[in-house]
Number of protein chains: 2
Amino acid sequence: MPQTRRTYRGMSAEERKAERRRQLLAAGLELFGTRGFAETRVDDVCAEAGLTKRYFYESFTSLEELLLAVVEDMLADLTARVVPVIASSGWRDPRPMLSTFIGAMLADPRLVRLLVIETHTGALARQRHHFIERAIDVWLEAAPDRDRDPSLLQTQRLLAHAYAGAIGEVAVAWASGRITMSAEEIIDHLERIFRRISPRAGVAQ
Amino acid sequence: MPQTRRTYRGMSAEERKAERRRQLLAAGLELFGTRGFAETRVDDVCAEAGLTKRYFYESFTSLEELLLAVVEDMLADLTARVVPVIASSGWRDPRPMLSTFIGAMLADPRLVRLLVIETHTGALARQRHHFIERAIDVWLEAAPDRDRDPSLLQTQRLLAHAYAGAIGEVAVAWASGRITMSAEEIIDHLERIFRRISPRAGVAQ
DNA sequence: CGATATTGACACTCACTCGTGTCAGATCGT
DNA sequence: ACGATCTGACACGAGTGAGTGTCAATATCG
């Protein structure tokens, strides 16, 4: 049992631990995002991170905990990028929001696997739903008051899920090479879908 | 090594084997459709089916093979029910198709889990895509000639994926109690979404 | 009733992976 | 340089589940 903590390679104990945790998160993103959670072992993550099991259990107690942390990170990143965009130009022009959100997934197929596919199972489902609910809240926050009509809330919720599902499925189809379009074209189509689905445009029909 | 085959409980050897296979498929639907594939063991399926492992390996070589067979069955059922509906009134009035397709999932939450969630992984992904592609084909088959414009095919494909994703996500949200609406209302909304997304209505806009 | 096919319960081996432990060597503080 | 800490590689036991085998009990045919 070590009594004092020394610096190694110019890093303090906390820095080293944080760095190792970072490496593990990166390894988790890579493996969970490519071969998937079900096919990933603790030793695989360690090998990918260039560490040993000792340091895995230093920061996480199980693979699922690592998965949760990885998804948490990705969703936090995404939220941080998308929220201000929605808040500023969201309701008037949905394209910046779509471009940011979808662009991130099209830029890194691992995100598709991680955020769309893997989040259907287990504890991740809660994160998925929480993220969608938060998206609804943020969106309504930026909306004109008349759209906060409580009778429309259920509809909003349904539409949000429908739209999230549409984006996800298109992203999956693209990631597996079943849709051969440029990111621009895909965003064009999704923007058009969004504009048509949006209740704002829908009240009038 | 048995040399002759006898009848048991009034059934021939083939009938008994077929009956056992049927029981295993039902057990698979129940377990895969509730706790999910990842949490299901061979012994669980056998217990649910009221059989022993011997008879599992009589009809299947692995759990994944059983899963494939179960999904295959469900998709075949769904296809058999939806295709004629599309062929008859599909393009003019999408509601019967939606009612059939979505109604089946809302009537049995196990189908949601099985067809929407579990089909994202492994060999099932191919079945999922194959089903969607087939849906596109059948749909275009019933469409007026002008809609077969090849330049619209890529768009059709994207829209089909988007719509499939929307239905799936809504079904998941409903199955997990996050959407509290009657099946009728949900179908209403999805029909509206469909009518707006449909390229038929979209060319003008 | 006797012989044999069929069945169900269960024991058994094997492979895999988790989580922990050990230990020699590298690195740092003094 | 020396002692203590930190690190990486690997060994080890435990638990789980797959796939196969055994055997007594049961049902059928002659």
Side-chain angles (χ1 to χ4, degrees), chain A residues 1-24 26-28 30-32 35-70 121-123, chain B residues 1-24 26-28 30-32 34-70 118 121-123:
Chain A
M1 185 186 294
Q3 309 203 350
T4 66
R5 308 176 116 202
R6 303 196 302 205
T7 73
Y8 251 73
R9 305 204 181 92
M11 304 165 112
S12 74
E14 292 77 12
E15 288 171 330
R16 275 172 287 150
K17 176 173 175 178
E19 167 68 10
R20 287 190 289 257
R21 185 188 154 94
R22 220 186 45 74
Q23 290 174 277
L24 289 167
E30 173 62 24
L31 296 182
F32 297 151
R35 67 175 71 170
F37 177 72
E39 308 302 323
T40 301
R41 310 281 159 255
V42 173
D43 289 312
D44 298 334
V45 173
C46 295
E48 177 74 24
L51 298 172
T52 56
K53 279 199 277 195
R54 172 202 306 216
Y55 298 109
F56 176 85
Y57 292 107
E58 174 192 44
S59 290
F60 305 97
T61 68
S62 67
L63 264 188
E64 182 147 15
E65 194 174 303
L66 173 62
L67 175 62
L68 279 168
V70 172
T121 318
Chain B
M1 184 187 293
Q3 307 204 350
T4 65
R5 310 174 116 204
R6 304 198 301 206
T7 74
Y8 251 72
R9 304 206 180 92
M11 305 165 108
S12 74
E14 291 78 13
E15 288 170 329
R16 277 172 287 150
K17 176 172 175 178
E19 167 67 11
R20 286 190 291 257
R21 185 188 154 91
R22 219 185 47 74
Q23 289 173 276
L24 289 167
E30 173 62 24
L31 296 181
F32 297 151
T34 53
R35 68 176 69 173
F37 177 73
E39 307 303 323
T40 300
R41 310 283 161 252
V42 172
D43 289 312
D44 298 333
V45 173
C46 295
E48 177 75 23
L51 298 172
T52 56
K53 278 199 276 196
R54 172 203 307 219
Y55 297 110
F56 176 86
Y57 292 107
E58 175 193 43
S59 290
F60 305 96
T61 68
S62 68
L63 264 188
E64 182 148 14
E65 193 174 304
L66 173 63
L67 175 62
L68 279 168
V70 172
E118 300 290 340
T121 318

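Letters A, B, ... are given to chains in the order of the sequence lines, protein chains preceding strands, and every chain is numbered from 1.
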Might you point out which heavy atoms bring A:Glu65 and A:Ser59 nearest each other, and give the distance in Å? OE2-O, 3.9 Å
Closest non-hydrogen atom pair, A:Arg21 against A:Phe60: NH1-CE2, 3.6 Å
Side chain of B:Glu30, backbone of B:Glu48: donor and acceptor closer than 3.5 Å? no
Using a strict 4.0 Å threshold on nitrogen-to-oxygen distance, state whether B:Arg22 and B:Glu19 make a salt bridge. yes
Just so I know, are the side chains of B:Phe56 and B:Asp43 near enough to count as touching, which here means a heavy-atom distance under 4.5 Å? no
Would you mind reporting whether B:Arg20 and B:Arg16 have side-chain heavy atoms less than 4.5 Å apart? yes
For [N], does OP1 or OP2 lie under 4.0 Å from any side-chain N or O of [X]?
X	N	answer
B:Thr52	C:dC10	no
A:Arg16	D:dT7	yes
B:Arg9	C:dT7	no

For [X] and [N], what is the distance between atoms [atom1] and [atom2] respectively, to the nearest whole Å?
X	N	atom1	atom2	value
A:Lys17	D:dT5	NZ	P	18 Å
A:Glu19	D:dT7	CD	P	12 Å
A:Glu65	C:dG19	CD	C1'	14 Å
B:Met11	C:dT7	CE	P	10 Å
A:Glu39	C:dC16	CD	P	14 Å

Under 3.5 Å, is there any donor-acceptor pair linking the side chain of A:Tyr8 to the base of D:dT5? yes
5' to 3', nucleotides 16-23 of chain D under a 4.0 Å protein heavy-atom cut-off (B base, S sugar-phosphate only, - none) gives -SBBB-B-
